[in-house]
**Q** 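Quick one: this structure, given as structure tokens, is what I'll be asking you about.
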Amino acid sequence: MSEILTSAATPASARLTGRTLVDVRGLSIGFADVNGGGPLVRGVDLTIHAGECVALVGESGSGKSLTARSLIGLAGTHARIDAQRFEIDGRAALEFRERDWRAVRGGFAGLVMQDALVSLDPLRTVGREIGETLARHAKRQSRAQRAAAVHAVMRDVGIPEPERRAAQYAHELSGGQRQRIVIARAIASEPALIVCDEPVSALDVYVQAQVLDLLGELQARLGTALLFISHDLDVVQHVSDRVLVLKDGRAVETGATAEVFSAPQADYTKRLLRSAPTLQTQRRAA
Ligand SMILES: Nc1ncnc2c1ncn2[C@@H]1O[C@H](COP(=O)(O)OP(=O)(O)OP(=O)(O)O)[C@@H](O)[C@H]1O
Ligand SMILES: [Mg+2]
């Protein structure tokens with residue numbers, strides 16, 4: 001087993017327990033040249049504690065990605081972000097400069113997006129890609145130590161023969177392996193939070209299940225929190241503790257996933273749930 005999942009000195013879960021990672025009230029996000037400058041995300045409240053999985057659901061264009069990206073400084077250079085409270089890792093982040101956000105992304109938070117081929121650099125080996133995150137996180141490692149750490153993280157995400165694979169480029173790997181590399185890169189710095197924006201949408205169902213298991217394992221063993229975005233409500237029901245339902249940039253419903261899915265309050269949530277085929281079958285069977 002690798003250093004990452006077994007790091008004995010201070011287990012991450014112990015280090016993180018009880019921490020409020022994200023505390024946002026009245027979040028609004030807009031762009032001067034879009035929607036007449038009006039906000040695309042409006043009045044959203046979002047709290048994420050260590051170790052929990054919070055899901056964002058809602059139809060396409062409802063503001064899920066924008067909301068999630070704003071928490072790691074990636075809403076876009078021209079994004080206008082406003083909030084009554086906007087605390088990331090206990091710090092008021094509205095005043096953050098790019099340098100502060102880079103530090104957030106280098107250690108506190110990792111990002112896993114849908115399309116691994118786009119988010120991986122075609123000109124760098126996947127080993128170097130992961131190594132770079134490690135270099136930012138653990139600055140004083142020798143080259144040999146870093147290579148060993150890269151292989152360890154790759155093994156953690158279920159990539160066999162990491163010594164050989166580390167020397168390959170993204171296009172030489174399968175879609176599922178690429179997504180594992182993206183996850184490996186995201187967890188290399190042992191972040192407290194991983195933002196997963198449709199992390200399994202591009203994968204076949206078998207690989208989907210493996211990647212979801214892996215994320216669940218990180219959550220359980222390291223106390224990693226997940227902000228999870230997916231159109232697949234079946235998956236959301238399975239993996240998340242709490243859910244936020246977005247419509248036109250507003251949160252129309254929020255609560256424990258089990259409660260929202262079994263007794264939705266908002267009409268929009270009811271419609272959204274009705275449109276999920278497997279959930280419907282479960283309901284009928286129940
Ligand atoms: N960088 C940007 N510049 C201008 N407008 C943007 C930008 N990012 C998002 N938007 C707009 O904000 C709205 C919300 O987009 P967002 O990407 O958050 O939707 P989403 O809920 O993630 O949708 P999907 O399920 O299709 O991914 C959309 O109208 C989109 O066009
Ligand atoms: Mg999106």
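When a ligand or atom number is given, it counts from 1 through the structure's own listing order. This is a predicted model, so every value here is computed, not measured.
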**Q** Tell me every residue that passes side chain to side chain donor-acceptor pair (under 3.5 Å) with Gln208, counting only those two or more places apart in sequence or in another chain.
**A**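 If we apply the side chain to side chain donor-acceptor pair (under 3.5 Å) test to Gln208, skipping adjacent residues, there are no hits.
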**Q** Looking at Glu98 and Arg105, does any basic side-chain N land under 4.0 Å from a carboxylate oxygen?
**A**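 So Glu98 pairs with Arg105 through a salt bridge.
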**Q** Can you pull the residues with any heavy atom under 4.0 Å from ligand 1?
**A**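 Under the 4.0 Å cut-off, ligand 1 touches Phe31, Val34, Leu40, Glu59, Ser60, Gly61, Ser62, Gly63, Lys64, Ser65, Leu66, Ala75, Glu198, His231.
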**Q** Do any N or O atoms from the side chain of Glu163 and from the backbone of His151 form a donor-acceptor pair under 3.5 angstrom?
**A**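 Not a single qualifying donor-acceptor pair exists.
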**Q** Would you say the side-chain atoms of Arg25 pair up with the backbone N or O of Arg85, donor to acceptor, closer than 3.5 Å?
**A**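 No, the answer is negative, given that no donor and acceptor are paired below the 3.5 Å cut-off.
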**Q** Do Asp241 and Gln219 touch side chain to side chain, with heavy atoms closer than 4.5 Å?
**A**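 Result yes, sub-4.5 Å side-chain heavy-atom pair found.
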**Q** Can you establish whether the number of heavy atoms outside Arg42 located under 6.0 Å from its atom CZ is more than 12?
**A**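 Buried by this count: over 12 neighbours within 6.0 Å.
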**Q** Only counting residues at least two apart or in another chain, list the ones meeting side-chain contact (heavy atoms from CB on, under 4.5 Å) with Glu259.
**A**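 Here the qualifying residues are Ala256.
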**Q** Restricting to under 2.8 Å, identify the protein N, O or S atoms around the Mg ion (ligand 2) as residue plus atom.
**A**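 Listed by chain and number, the atoms are Ser65 OG.
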**Q** Between Gln168 and Arg165, is any side-chain donor less than 3.5 angstrom from a side-chain acceptor?
**A**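 There is such a pair (donor and acceptor under 3.5 Å, judged by atom type) between the side chains of Gln168 and Arg165.
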**Q** Going hydrophobic residue to hydrophobic residue with side-chain gaps under 4.5 angstrom, can you get from Val150 over to Tyr169?
**A**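 Different clusters: Val150 never reaches Tyr169 through Ile, Leu, Val, Met, Phe, Trp or Tyr contacts under 4.5 Å.
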